[in-house]
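Take a look at the structure below.
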Amino acid sequence: MNILITGAKGQVGSELVVEALKRGHKVHGFGSKALDISNTEQVNNTVKQIQPDVIINSAAYTAVDKAETEPAIAYAVNSQGSENLAKVCKQYEIPLLHISTDYVYDGEKQSAYTEVDTPVPTGVYGASKLEGDQKIAQIWHKHIILRVSWVFGQYGNNFVKTMLRLAEQRDELSIVNDQFGAPTSAKAISNRLLDIIDAEQFNQPSCPWGTYNLQSDPGVTWYDFAREIFTQAQQLEIINKKMKLNPIPSSQFPTPVKRPVNSKLDGQKLQQYFGQLPVDWKKDLSLMLNTIKQPTI
Ligand SMILES: NC(=O)c1ccc[n+]([C@@H]2O[C@H](COP(=O)([O-])OP(=O)(O)OC[C@H]3O[C@@H](n4cnc5c(N)ncnc54)[C@H](OP(=O)(O)O)[C@@H]3O)[C@@H](O)[C@H]2O)c1
């Protein structure tokens, strides 16, 4: 298939390009400079020229805390950008796959979030992402919105890379232990989106368009995640020391935007309609660490 990928230099976008090429698709990956999704004219001209069979939007304004002080940019990318893509997709009848976030939920629910739970974002980033999701859903029915949480991978910046960098400088770290969620690899997200595109029912009259949550297991806290990162990194001899980790409450690590206490996503709908089981993030972490294996610290 002829696939147009936006945000192609981000964590997920980079993996999407690699994985789509591996599957034999023709890929047009655009970084933010080549295609600014908030620029309506640029979006229209690019799509008109490429005439893709499907568009995957992995472009987003993702700076959660910074969004509080520059909401106009966050909304321009996450809301207006999504609207631009949905409109042009409708014009040319192109299915649109889009990535959303656990930050559309407030994290107050006691169990995993399903697609019928009412989103209540607590900050500008989450609110701008939610507005983008809603615009897509209103404008063009041929869409798949995949909500994911705690993204990590070999490209871009993320928690895993931060932990490995901090291990070069310190022997002891304090990590938040009262926020519960699930890490999800950018590679897994990419492959799940491509599995949808490659599914028999994709773009058929029976295609179950809509919003899906991608479940990753097991659910953990950031502290648990850090422990697993250092355990695996030691086993792979990426680091050669035992890190001392101190579990702390969020109150000891204040951020401009309060993080959801519970970010766990329920993937039953995805399993029901596309046969996709939850992602195993520990396996994906091992894959990532093997890929980026560096000289021993
Ligand atoms: N990261 C997470 O933990 C997380 C969690 C849940 C959901 N998500 C969602 O997952 C998706 C992918 O996120 P990610 O982690 O891959 O983010 P990322 O690494 O920050 O990548 C986003 C990409 O979008 C590009 N971009 C920003 N503004 C743009 C614009 N106006 N036009 C076109 N491209 C633009 C960025 O380019 P520049 O760098 O040049 O600005 C960047 O390469 C997003 O929808 C995000 O909301 C992420």
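Counting starts at 1 for both ligands and their atoms, in listed order.
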- Out of Asp36, Asn57, Thr46, which one pairs with Thr6 under the side chain to side chain donor-acceptor pair (under 3.5 Å) rule? Asn57
Compute the shortest N/O to N/O distance between [X] and ligand 1 and return yes if it is under 3.5 Å, no if not.
X	value
Asp102	no
Tyr61	no
Gly13	no
Thr101	no
Ala59	no

Which residue and atom name correspond to the protein heavy atom nearest [atom], and how close is it?
atom	result
atom 21 (O) of ligand 1	Gly10 CA, 3.3 Å
atom 41 (O) of ligand 1	Ser32 OG, 3.9 Å
atom 44 (C) of ligand 1	Ala60 CB, 3.5 Å
atom 13 (O) of ligand 1	Thr62 CG2, 4.0 Å
atom 32 (N) of ligand 1	Ile37 N, 2.9 Å
atom 19 (O) of ligand 1	Gln11 N, 2.9 Å

Taking only heavy atoms of [X], which atoms of ligand 1 are found under 4.0 Å from at least one of them?
X	answer
Ser58	12 (C), 22 (C)
Val148	6 (C), 7 (C)
Asp36	30 (C), 31 (N), 32 (N)
Ile99	9 (C), 10 (O), 11 (C), 45 (O)

- Item | Which atom of Asp117 lies closest to which atom of Thr114, heavy atoms considered | OD2-N, 2.7 Å
- Message: Looking at every non-hydrogen atom in both residues, tell me the closest pair between Gln42 and Ala34 and how far apart they are.
- Response: NE2-O, 3.6 Å
- Any protein heavy atom sitting closer than 4.0 Å to atom 39 (O) of ligand 1? no
Taking a cutoff of less than 4.0 Å between a non-hydrogen atom of the residue and any ligand atom, is [X] in contact with ligand 1?
X	result
Tyr125	yes
Val77	yes
Gly31	no

Counting only heavy atoms not in [X], do more than 12 fall under 6.0 Å of its [atom1]?
X	atom1	answer
Lys9	NZ	no
Tyr273	OH	no
Gln204	CD	yes

Does [X] come within less than 4.0 Å of [Y], counting only side-chain N to carboxylate O?
X	Y	result
Lys87	Glu83	yes
Asp65	Arg259	yes
Arg165	Glu168	no
Asp266	Arg147	no
Asp284	Lys187	no

- Query: Quick one: does Glu228's side chain get under 4.5 Å of Trp281's, heavy atoms only?
  - Reply: yes
- Query: Only one of Tyr223, Phe152, Phe225 clears ring pair (Phe, Tyr, Trp, His ring centres under 6.0 Å) with Phe159; which?
  - Reply: Phe225
- Query: Nearest heavy atom to atom 33 (C) of ligand 1: which of Thr6, Leu35, Asn84, Val12 does it belong to?
  - Reply: Leu35
- Who gets closest to atom 7 (C) of ligand 1 by heavy atom: Ser149, Ser128, Ser100? Ser100
- Query: So which bit of Val151 gets within less than 4.0 Å of ligand 1, heavy atoms only: side chain, backbone, both or neither?
  - Reply: both
- Checking heavy atoms under 4.0 Å, the part of Lys129 that sits near ligand 1 is side chain
- Note on the structure: Sorted by chain and number, sequence neighbours left out, ring pair (Phe, Tyr, Trp, His ring centres under 6.0 Å) with Phe202 holds for Trp209
